[in-house]
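Heads up: the structure comes next, in structure tokens.
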2 protein chains.
Amino acid sequence: MATIYEVSKLAGVSLATISRVINGTGKVSEKTSKKVRDAIRTLDYRPSSAAKSLASNRSDSIGVLVSEFHGPFYGAMMSGIESELRAKGKHGIFAAGHSDEASEKEGIEFLINRSCDALILHVEAVSDAYLIELSKGRVPFVLINRFIPELSDICISLNNDLGGYLSARAMLDSGHTHIAYVSGPFWKNDSSERLQGFRRALEKASVPFDADLLFEGDYHEESGREALLSFSKTHKRFTAVACANDEMASGVYKAARELGLSLPEDLSVIGFDHSIFASYLYPQLSSVNYPIGRMGKMAARLVLRNIYKATIKDIKHEFEPELVSHGSIAQPK
Amino acid sequence: MATIYEVSKLAGVSLATISRVINGTGKVSEKTSKKVRDAIRTLDYRPSSAAKSLASNRSDSIGVLVSEFHGPFYGAMMSGIESELRAKGKHGIFAAGHSDEASEKEGIEFLINRSCDALILHVEAVSDAYLIELSKGRVPFVLINRFIPELSDICISLNNDLGGYLSARAMLDSGHTHIAYVSGPFWKNDSSERLQGFRRALEKASVPFDADLLFEGDYHEESGREALLSFSKTHKRFTAVACANDEMASGVYKAARELGLSLPEDLSVIGFDHSIFASYLYPQLSSVNYPIGRMGKMAARLVLRNIYKATIKDIKHEFEPELVSHGSIAQPK
DNA sequence: GCTAAAAATGTAAGCGCTTTCATTCAGCTA
DNA sequence: TAGCTGAATGAAAGCGCTTACATTTTTAGC
């Protein structure tokens, strides 16, 4: 492997000049620059990133902690982050936190030890206090899908309240007044905010909220199924179910079929996230769009601006969800 | 940030000894070792990975090229790779190749420049010749989901032929003799192997194969839809459709509904991959299981063994798909 | 207690860059 | 022509580790 010394010798210039040409720092005459580029090409020279990191104290790597690698949600997020970073010659180091406190902390620790220049964190289990403490540390980071007032300028979040509101509105607009709600875990911020927005819409429409028609799921499919079965057992009237994510909505579909309900005639359903598979369901699931891909890109851009001083315009911290209508909502009978 | 010098001073031992304690190389008395560990804790010392890489000529990072970040398939693969690597203190640098030759090459180039110790490649568009040439280069790699005879010991592949065979068998066993096939792009190896296995099963059962009932899709949902519409236009009899992946099977579902066919009574369908969303479809999709998560783990282990000399038993190069039956196959009418 | 071998520890030379500061050089001005 | 200026380039000191080799200490055998 050729080193910078060999390039220096072949091009007949000093190390400093080679470095300047490669990194575009400082002034180099066109003539010299060409000699250097030629030498680099001749030797197929590739700078050692380790040496570069050591000398410059930057690794050009950004640690990214997601909850899971699989699933449409994180895939879109990672994809957005990667494309944005790579365009600027940086790269992501991805790790999974599994929505578990110990595991998330370990993931963060791992990434810090990898000497990342910055982190992009999608964490659910660690406390606000922990993150505030972390923000005082050596490694800067950005939070995605989370809002902490004290750290507002490093947060990229979704207006979940609005999302919950939209999902209720969609049902109300179709004439439903008996709407069950399948929530995510109450302890998760996004969950509780969505629920809150949902209730706000009902209140505003003077439609009562029935606590028996609220179920705390875990964002997985099976809990959606359990939710519907549980609602059904109450023998209360409900013509629609709003779910805090698409997977649980899929579970609702399953239970509905078990109960012999036909969709959407007997039951209208709405999801949340607008994941790719929402379209695989039949009838296609109406959902509240979560622009996670764009948010991932934005998180990356925030890092590029804050850490690498890239000139990035339009940084946006809060994103708005939108209703996406498909065939899963009908008028109530 | 504390450096190894400070640890050395505090513990009262030489640099070499610190290094030995940290890396478990060479012998260190328990007494000394404790002093060192205490000093490390006191100073919250974290070795600089850049310095370590520079000095040792290893980066502990493995480049991973996938086609896309999203989608259940790559998610499971990356997940398997990451967990395996992280357990050994290594990490993956993931990049997307988008199934496009230029983009795949650029991704490989990017990862090599990132000074990865090795690569795990899921590439579809680059030629065997290119990979054989690459294997002579400086950076070792492992291929996943691909088999090249000349590189057999660095390939982790699926027996796609068997998969195609199983999918045909499932239909034949249910009594179908008029089976349409939705293939992936013919130029992709996995595609053509699956098709070949499929035809082999038919031949063996003396069931004729009708070229009009073969459609070359692109592995995306919409092409599955197009396929069924196209079969339908031929007015040939077919009671079952086998698809080269689950997404196209989902497209077949959609088209079937457009055509007023009820599933699975009027049409039996089988997919391939057994992606997570196969269960979201209704009726749940029978599929041929692709153990991509396990294969990802195996690729990582192969790297750990070959590059880092980890002692890993049971390296397995070829995986076998299995039939997973759900409600999407019925007897022909 | 003496010696040889084994175990433990230390010394110091890199690894391949970046970056500060110094130096050179060409072009002008007076 | 001497002196000045700013642009272009070079010299060299790190950055924080690993590791081959040298040295010291311990252990064991007699």
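Everything numeric in this text was worked out from a predicted model, so none of it was measured. Lettering follows sequence order; numbering is per chain, from 1.
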Just verifying a value: how many Å separate B:His98 NE2 and A:Ser79 OG, rounded to the nearest 0.5 Å? 6.5 Å
Ring center gap for A:Phe73 and A:Tyr290 short of 6.0 angstrom: yes
Under 3.5 Å donor-acceptor pair, A:Tyr5 side-chain atoms to C:dC15 base atoms: no
Donor-acceptor contacts under 3.5 Å from residues 103-113 of chain B side chains, at least two apart:
{"unit_1": "B:Ser103", "atom_1": "OG", "unit_2": "B:Gly97", "atom_2": "O", "d": "3.2"}
{"unit_1": "B:Glu104", "atom_1": "OE1", "unit_2": "B:Glu124", "atom_2": "N", "d": "3.4"}
{"unit_1": "B:Glu104", "atom_1": "OE1", "unit_2": "B:Ala125", "atom_2": "N", "d": "2.9"}
{"unit_1": "B:Glu104", "atom_1": "OE1", "unit_2": "B:Val126", "atom_2": "N", "d": "3.0"}
{"unit_1": "B:Glu104", "atom_1": "OE2", "unit_2": "B:Glu124", "atom_2": "N", "d": "2.8"}
{"unit_1": "B:Glu104", "atom_1": "OE2", "unit_2": "B:Ala125", "atom_2": "N", "d": "3.2"}
{"unit_1": "B:Lys105", "atom_1": "NZ", "unit_2": "B:Glu101", "atom_2": "OE2", "d": "3.1"}
{"unit_1": "B:Glu109", "atom_1": "OE2", "unit_2": "A:Arg46", "atom_2": "NH1", "d": "3.3"}
{"unit_1": "B:Glu109", "atom_1": "OE2", "unit_2": "A:Arg46", "atom_2": "NH2", "d": "3.2"}
{"unit_1": "B:Asn113", "atom_1": "OD1", "unit_2": "A:Arg46", "atom_2": "NH1", "d": "3.0"}

Distances under 3.5 Å only, N/O to N/O: pair up the protein atoms with those of nucleotides 6-11 of chain D.
{"unit_1": "D:dT9", "atom_1": "OP1", "unit_2": "A:Ser29", "atom_2": "OG", "d": "3.1"}
{"unit_1": "D:dT9", "atom_1": "OP1", "unit_2": "A:Thr32", "atom_2": "OG1", "d": "2.2"}
{"unit_1": "D:dT9", "atom_1": "OP2", "unit_2": "A:Ser29", "atom_2": "N", "d": "2.8"}
{"unit_1": "D:dT9", "atom_1": "OP2", "unit_2": "A:Thr32", "atom_2": "OG1", "d": "3.4"}
{"unit_1": "D:dG10", "atom_1": "OP2", "unit_2": "A:Ser14", "atom_2": "N", "d": "2.7"}
{"unit_1": "D:dG10", "atom_1": "OP2", "unit_2": "A:Ser14", "atom_2": "OG", "d": "3.2"}
{"unit_1": "D:dG10", "atom_1": "OP2", "unit_2": "A:Thr17", "atom_2": "OG1", "d": "3.1"}
{"unit_1": "D:dG10", "atom_1": "O6", "unit_2": "A:Arg20", "atom_2": "NH2", "d": "2.7"}

Answer yes if the side chains of A:Ser53 and A:Ser59 hold a donor-acceptor pair under 3.5 Å, and no otherwise. no
Nearest-0.5 Å distance that lies between atom CZ in A:Arg20 and atom OG1 in A:Thr32: 10.5 Å
Let me confirm one number: the CG-CD1 distance from B:Leu143 to B:Ile156, rounded to the nearest 0.5 Å. 9.5 Å
Give the rounded distance in Å between these two atoms: CD1 of A:Ile22 and P of C:dC17. 7 Å
Angle of first-five versus last-five pair axes in the helix from C:dG1-D:dC30 to C:dA30-D:dT1, to 10 degrees: 40°
Non-hydrogen side-chain atoms of A:Leu121 and A:Leu131 separated by less than 4.5 Å: yes
In residues 43-59 of chain A, which ones come under 4.0 Å of DNA chain D, going by heavy atoms? A:Leu54, A:Ala55
Regarding A:Ser61 and A:Lys90, is there a side-chain donor-to-acceptor distance under 3.5 Å anywhere? no
When you measure from the centre of the six-membered ring of B:Phe319, is the NZ or CZ of B:Lys316 closer than 6.0 Å and no more than 45° off the axis? yes
Using atom names, set out every protein N or O paired with an N or O of nucleotides 23-27 of chain C below 3.5 Å, distance rounded to 0.1 Å.
none

Using a strict threshold of under 4.0 Å (side-chain N to carboxylate O), is an ion pair present between A:Lys88 and A:Asp60? no
For B:Glu6 and D:dG16, what is the distance between atoms CD and P respectively, to the nearest whole Å? 9 Å
Atom-pair distance (NZ on B:Lys34; P on C:dA8), nearest Å: 18 Å
Separation of B:Asn23 atom CG from D:dT19 atom P, in whole Å? 8 Å
Could you check whether A:Tyr74 and A:Phe94 have their ring centres less than 6.0 Å apart? no
List the residues meeting side-chain contact (heavy atoms from CB on, under 4.5 Å) with A:Ala2, not counting sequence neighbours, and say none if there are none. A:Glu6, A:Leu43, A:Tyr45
Sidechain N-carboxylate O distance under 4.0 Å for A:Arg41, A:Asp38: yes
